[in-house]
Each structure stands twice: as C-alpha cells, then as structure tokens.
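Just so you know, ligand 1 is whichever comes first in the structure, and atom 1 is the first atom listed for that ligand. The basis for the numbers below is simple: all heavy atoms, side chains too, and nothing from hydrogens, waters or symmetry mates.
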Amino acid sequence: MYTQGLTEPGVRPATESTPDDAERLRRFEARIEAEEKIEPKDWMPDAYRQTLIRQISQHAHSEIVGMLPEGNWITRAPTLLRKAILIAKVQDEGGHGAYLYSAAETLGVSRAELIDQLLAGRAKYSSIFNYPTLSWADVGAIGWLVDGAAIMNQIPLCRCSYGPYSRAMIRICKEESFHQRQGYDIMLKLARGTAAQRRMAQDALDRWWWPSLMMFGPPDTASQHTALSVRWKIKRFTNDELRQKFVDFTVPQAQFLGLSIPDPALRWDEAAKRHEFGAIDWREFNDVLKGHGPCNRERLAERRAAHDAGRWVREAAVAHAAKRAARAVA
Ligand code: FAQ
C-alpha cells in the first residue's frame with residue numbers, strides 16, 4: 001500500500017555528488033518548506049535517506065521487541081476480557097512493525113537486512129523495552145505511560161515530510177490511542193481496588209516513570225540528529241519539547257488515579273505554565289543503549305528464537321509466491 005515507486009529491495013539509488021546537487025538540494029528544501037511530501041522516487045539528499053532508514057528501522061524494531069514485555073502476561077491476564085484485549089494489543093504492535101519495515105523498504109533497504117542487523121545486536125530499539133514486567137500492573141503502566149509517550153512522539157510524525165512514513169503513522173497513532181486507554185483503564189481499576197492493588201499500581205508507576213521519560217531520547221544539548229531532522233521536517237519537535245508535553249499531560253492523570261509520581265522535584269511553575277521535573281539519570285539511559293539494561297540479553301534471545309521458529313513460515317511463503325509466479329508464466 002505504501003510502496004509506490006519502490007526500488008528493488010536492497011538496491012539503493014545512486015547518491016554520488018554531482019554539480020546539479022546544490023540545485024537539487026535547493027529544490028528539495030523548497031518542497032519541504034512548502035509542506036509537500038517527499039515520495040520514494042523523488043530526489044533526496046543522502047543524509048535525509050539515511051536518517052529516515054535509521055529512525056524508521058529503529059522504530060520498527062521497537063514495535064516488535066515491544067511485543068515481548070507485555071506478551072509475557074497473555075497467559076496470566078486476570079480475566080478473559082483482559083486477555084483478549086492484551087492479545088489484540090500485542091498483535092497490533094506486530095502490525096506496526098510490518099508497516100514500518102515496509103516504509104523503510106521504500107528507501108531502498110530490505111526488511112531482511114534490517115532484521116539481520118537487529119538480531120546481530122547492531123541496531124537500536126527503544127530503551128524502554130529492556131525493563132521487566134514484574135506484575136499485572138506493569139501491563140497497565142506500559143499502556144498508560146509507554147503508549148502515552150509513544151503517542152506524544154508519534155502524532156507529530158503523522159506530519160513527517162516523508163510520505164510513506166507519515167501515512168504509516170496515521171494508522172499506528174489511532175491504534176496507540178486505544179492502547180493508551182486500555183492501560184489507563186487497568187491503572188484505574190487497580191487504583192480504585194484493594195490496598196494491595198493500589199500498592200501494585202504505585203510500584204509500577206515508580207518503576208516505569210523515569211524510563212518513560214528516557215524514551216524521548218537524549219536532552220536537546222546532546223541529541224545528534226534533532227537539528228537536521230527538524231530542519232527537514234522529519235521531526236516536528238525536539239526531544240525535550242516532547243518530554244515536557246508528556247509530563248504536563250500525564251501529571252494530572254496520575255493525580256486523578258491518586259498515585260504519586262516518583263519525583264520529589266516535580267512542581268508546577270505558574271509563570272512558565274509547565275511542570276518542572278527532576279534530573280534524568282542519563283548514565284542509566286546510556287548503559288541500557290550499550291546493552292546493559294535489565295533485559296537486553298533476554299529480549300534479543302527471544303527475538304532470535306522467534307525468528308528461527310518462523311523460518312518455515314517464511315520459506316513456505318517464498319515457495320508459494322514462486323509457484324504462483326511460475327503458474328502465471330506458464
Ligand atoms: N532508545 O540524536 P537523537 C512504542 C538513540 S515505539 C534507544 O536524539 P533521533 C510503541 C538514537 O536512535 C517506541 N535509542 O536521535 C509501543 C540515536 O542513535 P544512533 C519507539 C535511543 O533519532 C508501545 C542516538 O540515541 N519510538 O513505544 C533512544 O533524532 C508499547 C541519539 O539520539 C520511535 O522510534 C531511546 N529511547 O531521536 C510498542 C519513534 N532515544 O541512530 C510496544 C520514532 C534516542 O545515532 C508496546 N523515533 N536514541 O545510533 C524518534 O522519534 C526518534 O528516533 C527518537 C530519537 C526521539 C527516539
């Protein structure tokens with residue numbers, strides 16, 4: 001659906017610099033300025049193509065690794081209804097990965113190549129999915145906070161200058177919004193339940209709050225890619241701007257639940273009309289990115305096992321497609 005103008009997977013269009021490039025760049029930037037979408041066959045600077053491949057593939061990997069922490073709770077969901085909702089949510093995340101790999105393929109890279117990079121440990125995926133889900137309340141906290149942070153980050157991506165990515169994000173955001181509500185609903189039930197259930201909800205908030213703030217990426221002063229991505233309208237806001245919006249949006253939701261955000265420095269600044277919050281532990285964030293988070297090894301091992309277990313399905317699909325193609329020729 002989003003593959004109009006697709007080059008052969010794995011074949012990158014020529015990107016050598018020519019004297020015409022300055023003029024092409026000028027026209028490209030004028031189109032961005034005019035809010036036109038850039039489509040797969042259009043000329044684009046190599047840095048634009050590379051940063052999109054990087055961001056979209058990291059995003060796709062995050063979706064499929066993100067299936068694992070909640071997937072662990074499918075067999076232990078407290079009711080049949082909760083189980084059905086959770087299965088649907090986890091399945092949606094797999095679908096998001098599929099749209100995003102397709103969007104990345106329009107840039108001349110193959111899905112197989114991207115998945116190989118993930119399984120070899122050479123690709124990044126969101127830091128948040130390297131934390132464990134210790135109780136049912138964690139499923140609520142992931143929906144509320146992690147999907148909440150994802151929506152805050154991804155709604156502006158619906159206006160991304162690259163057509164296939166922006167179109168994929170529209171459907172993804174609709175589904176993420178349902179995910180966020182189901183998470184908040186779990187938290188509400190627990191927060192209004194027994195004292196033990198309220199403790200579970202508070203414990204989940206205590207553990208997921210800071211990693212959720214880290215999802216938005218390093219502070220603007222340390223972000224390598226933000227300036228160019230904002231200039232080329234891949235990103236519409238900086239990491240710190242989105243993090244602030246998330247805090248301002250989420251604090252009243254925690255108050256409604258009667259839960260406390262685990263940040264003694266959190267306070268409303270009336271003059272600035274925003275919440276001030278405490279310092280994020282960037283050392284922890286960098287450790288997780290280097291592979292030393294609580295669950296990095298486990299997540300990659302599970303993805304590798306799932307990939308191996310699915311080999312026969314991929315082989316059968318390829319054989320089926322080849323057979324149909326041969327029949328069409330005969
Ligand atoms: N984790 O210069 P910047 C979800 C990396 S989907 C790991 O600021 P940029 C749905 C960054 O890649 C969640 N790495 O980079 C769901 C770069 O590395 P590189 C994923 C991170 O791209 C819910 C380096 O640090 N969402 O949750 C992280 O301008 C529930 C420097 O950073 C997306 O991917 C991090 N948190 O901004 C699923 C959204 N932050 O490549 C299941 C799209 C930064 O130079 C259950 N992505 N890095 O080696 C984006 O908006 C951006 O890529 C940012 C980073 C904002 C993540």
Side-chain angles (χ1 to χ4, degrees), residues 47 50-73 86 88-97 99-100 103-104 117-118 122-131 133 138-160 162 165-166 168-169 172-173 175-180 182-183 208 210-243 246 280 282 284-291 293 296 299:
Q50 293 313 325
T51 209
L52 280 168
I53 292 175
R54 181 186 63 76
Q55 177 168 326
I56 300 172
S57 62
Q58 287 174 3
H59 193 166
H61 300 327
S62 304
E63 298 282 357
I64 62 164
V65 176
M67 296 167 77
L68 300 172
E70 288 169 292
N72 282 338
W73 279 88
L86 185 57
K89 178 185 190 293
V90 171
Q91 195 173 332
D92 284 352
E93 311 297 0
H96 298 174
Y99 317 146
L100 289 164
Q117 288 169 7
L118 171 69
R122 293 196 309 273
K124 288 197 173 80
Y125 58 86
S126 185
S127 49
I128 193 79
F129 301 118
N130 293 305
Y131 291 86
T133 38
D138 289 15
V139 175
I142 291 181
W144 172 36
L145 300 173
V146 176
D147 285 281
I151 292 170
M152 195 56 81
N153 167 275
Q154 292 173 21
I155 294 276
L157 292 175
C158 298
R159 293 188 294 120
C160 166
Y162 186 58
Y165 192 25
S166 73
M169 289 317 303
I172 292 179
C173 283
E175 291 176 352
E176 297 293 22
S177 154
F178 155 73
H179 298 170
Q180 196 270 354
Q182 68 84 38
W208 290 91
W210 291 105
S212 298
L213 297 194
M214 293 174 196
M215 278 179 76
F216 294 91
D220 292 352
T221 46
S223 167
Q224 306 154 42
H225 304 291
T226 294
L228 201 56
S229 289
V230 168
R231 178 186 165 111
W232 283 341
K233 298 185 180 169
I234 295 172
K235 285 164 77 163
R236 296 282 175 157
F237 296 97
T238 70
N239 300 353
D240 285 337
E241 284 168 349
L242 290 172
R243 192 168 9 249
F246 174 74
I280 293 173
W282 293 114
E284 175 181 324
F285 173 76
N286 288 322
D287 280 350
V288 174
L289 258 58
K290 282 187 207 135
N296 294 60
R299 299 290 183 243

statement: One should read off an interatomic distance between Cys173 SG and Asp147 CG, to the nearest 0.5 angstrom, of 10.5 Å

task: Check whether any heavy atom of Glu176 sits under 4.0 Å from an atom of ligand 1.
output: yes

message: For Ser229, state whether at least one heavy atom is located under 4.0 Å from any atom of ligand 1.
response: no

Can you list the ligand 1 atoms lying under 4.0 Å from a non-hydrogen atom of [X]?
{"X": "Glu70", "result": "46 (C)"}
{"X": "Glu63", "result": "6 (S), 10 (C), 16 (C), 38 (C)"}
{"X": "Tyr165", "result": "43 (C)"}
{"X": "Phe216", "result": "56 (C)"}

Residue-level breakdown please: for [X] versus ligand 1, do any non-hydrogen atoms fall below 4.0 Å on the side chain, on the backbone, on both, or on neither?
{"X": "Glu93", "result": "side chain"}
{"X": "Lys235", "result": "side chain"}
{"X": "His59", "result": "both"}
{"X": "Met67", "result": "neither"}
{"X": "Gln224", "result": "both"}
{"X": "His225", "result": "both"}

message: Evaluate Arg243 against Asp240 for salt bridge (Lys or Arg N to Asp or Glu O under 4.0 Å), listing each step before the verdict.
response: CA-CA 5 Å; Arg243 192 168 9 249; Asp240 285 337; 2.7 Å; yes

task: Might you check, step by step, whether the distance between atom 54 (C) of ligand 1 and some protein heavy atom is under 4.0 Å?
output: no

field: Sidechain-backbone polar pair: Asp220 side chain, Asn239 backbone, donor-acceptor under 3.5 Å
entry: yes

